[in-house]
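These notes concern the structure reproduced below.
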Amino acid sequence: MLSIKQLRNDIESVAKALSRRNFSFDIKELTDLENRRKRNQVKTQELQNLRNTQSKSIGKAKAAGEDIKPLLEAVTNLGDELESAKSELQEIQTKIDDIALSMPNIPHESVPNGDCEDDNVEVSKWGEPGIYDFEVKDHVDLGEMHGLDFETAAKIAGARFSVMTGKMARLHRALTQFMLDQHSEKNGYIEAYVPYLVNSESLTGTGQLPKFEADLFKTHLHGEEGEAKTLYLTPTGEVPITNMMRDTIVNEKDLPLKFVGHTPSFRSEAGAYGRDTRGLIRQHQFEKVELVQVVKAQDSYAALEVLTSHAEGILQALELPYRKVNLCTGDLGFSAAKTYDLEVWLPGQDTYREISSCSCFEDFQARRLQLRYKNKETNKPELLHTLNGSGLAVGRTLVAVLENHQQADGSIKIPAVLQSYMGGLDVIN
RNA sequence: GGAGGGAUGGCAGAGCGGCUGAAUGCACUGGUCUUGAAAACCAGCAAGGAUUAAUCUCCUUCCAGGGUUCAAAUCCCUGUCCCUCCA
């Protein structure tokens with residue numbers, strides 16, 4: 001959510017900034033609502049003040065043993081008047097909130113203009129796509145040789161799920177363990193285990209709700225009277241991990257906060273029908289190792305560079321060629337002010353594919369989360385900045401390892417850093 | 001499955017219709033003292049919002065949502081979460 005003060009005082013420049021990402025809104029509607037809000041709020045507060053002072057004087061009169069009847073009469077209609085003023089104010093406020101909640105974050109100045117992913121700007125490149133003196137297979141063909149099984153998954157659950165057995169399952173687990181160890185032991189993150197089902201408050205905090213409910217899996221916890229409580233399958237570890245800090249005032253000396261967690265992610269992939277139907281690229285259920293940082297405002301863009309480098313470290317250790325792109329305004333996620341995507345080279349597709357998305361949200365999430373620290377100098381709570389990134393998406397990393405480290409006979413070389421996690425194995429055949 | 005107890009400021013924890021936005025302790029900030037530190041003492045210290053150039057002032061908030069009342073942290077109902085005991 002953007003600052004309500006900014007929306008009041010500087011709506012023109014907000015509109016201008018958001019137009020960069022092709023988002024527009026009715027300025028007049030908002031300013032009209034805002035003017036009404038102001039009038040109503042002042043009026044409501046005056047009435048409340050009146051009621052409070054009257055009630056106090058009744059209390060005093062009663063304590064002094066005076067007759068309070070005339071005082072009571074003076075207050076007769078106050079309640080109704082106050083009630084209607086309040087509900088009118090509430091109605092206006094709700095409308096303003098709805099608009100504010102539907103507005104995306106303002107892109108950072110370093111974010112390039114653009115309409116879609118084709119306009120993203122390559123920042124750097126690491127490694128060279130391998131040269132293969134045989135016809136490369138894609139991960140689906142390779143996977144089927146070693147225990148990746150989509151047909152069985154379809155029987156159990158449906159399309160866009162996977163089953164892995166044997167060495168393939170082990171490799172998947174090895175990748176997860178390696179990533180968790182690297183981030184917690186070398187990069188200074190605290191490991192976190194978190195719920196995979198989350199409530200709507202959490203999803204609102206990180207920005208998935210109210211706008212993107214269609215992308216989520218929804219569950220119902222049935223109460224005794226048939227009253228259902230809604231929980232959602234987490235669409236990314238970002239949600240539970242960031243929400244650990246919702247509604248807190250963090251101790252300044254504990255900053256920055258850095259957490260790493262391994263979670264499954266569940267996406268309904270509504271609107272993605274027909275896209276990436278083959279293989280592990282776009283699944284309803286997949287694993288991620290997620291990095292989350294909470295930092296002071298002035299540190300957030302430096303932290304974005306460092307967090308991104310932590311994700312890059314995994315790719316480098318696994319000897320996977322990749323490039324880093326700066327997402328353009330048209331491809332930027334709703335809550336993000338700036339995002340780097342890491343795209344890994346996939347020889348089977350002869351292209352780079354996203355494997356990690358590292359974003360700085362500035363105070364957009366923190367405002368919804370009420371995530372703050374007390375600034376010693378001003379002695380006031382200030383919003384913190386949040387960041388997160390996948391470090392990495394495990395399923396896609398598995399794809400990249402299979403395709404990049406394949407050999408002519410379809411066997412897979414295991415990168416050195418993974419071998420200890422594979423019981424010493426250096427090749428899957 | 002049954003029976004109770006609880007949720008209050010950064011933390012712990014009083015308060016149980018009006019003088020309570022909230023005692024007390026800890027933490028934190030400033031000061032006195034000290035060569036310096038510690039201790040001791042003194043002072044300050046919840047959040048959000050309206051208004052304002054700023055101060056002032058005002059409003060809201062004691063888990064959440066309803067209700068009773070002129071007046072609710074306090075009474076009633078519903079929900080959520082935590083804890084204890086019995087089977």
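Every chain is numbered from 1, with letters handed out A, B, ... down the list of sequences. From a predicted model like this one, the values you see are computed outputs, not experimental measurements.
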For nucleotides 57-61 of chain B, give me every protein contact, N/O to N/O, under 3.5 Å, one pair per line with atom names.
{"residue": "B/C58", "atom": "O3'", "partner": "A/Asn49", "partner atom": "OD1", "Å": "3.3"}
{"residue": "B/C59", "atom": "OP1", "partner": "A/Asn49", "partner atom": "OD1", "Å": "3.3"}
{"residue": "B/C59", "atom": "OP1", "partner": "A/Asn52", "partner atom": "ND2", "Å": "3.1"}
{"residue": "B/C59", "atom": "O3'", "partner": "A/Gln48", "partner atom": "OE1", "Å": "3.2"}
{"residue": "B/C59", "atom": "O2'", "partner": "A/Gln48", "partner atom": "OE1", "Å": "2.7"}
{"residue": "B/U60", "atom": "OP1", "partner": "A/Arg51", "partner atom": "NH2", "Å": "3.1"}
{"residue": "B/U60", "atom": "OP2", "partner": "A/Asn52", "partner atom": "ND2", "Å": "3.3"}

Can you name the atoms? Protein N/O to nucleotides 15-21 of chain B N/O, anything below 3.5 Å, with the distance.
{"residue": "B/G18", "atom": "O6", "partner": "A/Lys62", "partner atom": "NZ", "Å": "3.3"}
{"residue": "B/G18", "atom": "N2", "partner": "A/Ser55", "partner atom": "O", "Å": "2.7"}

Between B/C85 and B/U74 - C1' atom distance, rounded Å: 28 Å
Near-strand residues of residues 81-92 of chain A, defined as heavy-atom separation under 4.0 angstrom from RNA chain B: none
If you look at every strand shown and take non-hydrogen atoms under 4.0 Å, does A/Arg367 touch a base, only sugar-phosphate, or nothing? nothing
Can we say A/Arg39 and A/Glu88 salt-bridge, meaning some charged N sits less than 4.0 Å from an Asp/Glu carboxylate O? no
Describe the nucleic acid contact of A/Arg37 in one word from base, sugar-phosphate, nothing, applying a heavy-atom distance below 4.0 Å. sugar-phosphate
More 5' along RNA chain B: A/Gln370 or A/Lys38, using each one's nearest nucleotide? A/Gln370
dist A/Asp98:CG -> A/Leu33:CG (nearest 0.5 Å) comes out at 10.0 Å
Ring centroids only, cut at 6.0 angstrom: are A/Phe217 and A/His284 within range, meaning strictly under it? yes
Which residues share a ring pair (Phe, Tyr, Trp, His ring centres under 6.0 Å) with A/Phe364, sequence neighbours left out: A/Phe334
Over 12 non-hydrogen atoms of neighbours within 6.0 angstrom of CD in A/Glu151: no
Can you tell me the distance, in whole Å, between the CD atom of A/Gln41 and the P atom of B/G48? 15 Å
Using atom C1' in both nucleotides, what's the gap between B/U51 and B/A64 to the nearest angstrom? 30 Å
For RNA chain B, what is the dot-bracket line, given that a base pair needs Watson-Crick (N1 to N3, plus N6-O4 or O6-N4) or G-U wobble (N1-O2 and O6-N3) geometry with both distances under 3.5 Å, and | means paired with another strand? ((((((((.[[[..)..(.....]]].(((((.......))))).(((((......))))).[[[[[..)....]]]]]))))))).
Exercise answer: donor-acceptor pairs, residues 187-196 of chain A side-chain atoms, under 3.5 Å, sequence neighbours excluded:
{"residue": "A/Asn187", "atom": "ND2", "partner": "A/His183", "partner atom": "ND1", "Å": "3.1"}
{"residue": "A/Tyr189", "atom": "OH", "partner": "A/Gln293", "partner atom": "NE2", "Å": "2.9"}
{"residue": "A/Tyr189", "atom": "OH", "partner": "A/His310", "partner atom": "ND1", "Å": "2.8"}

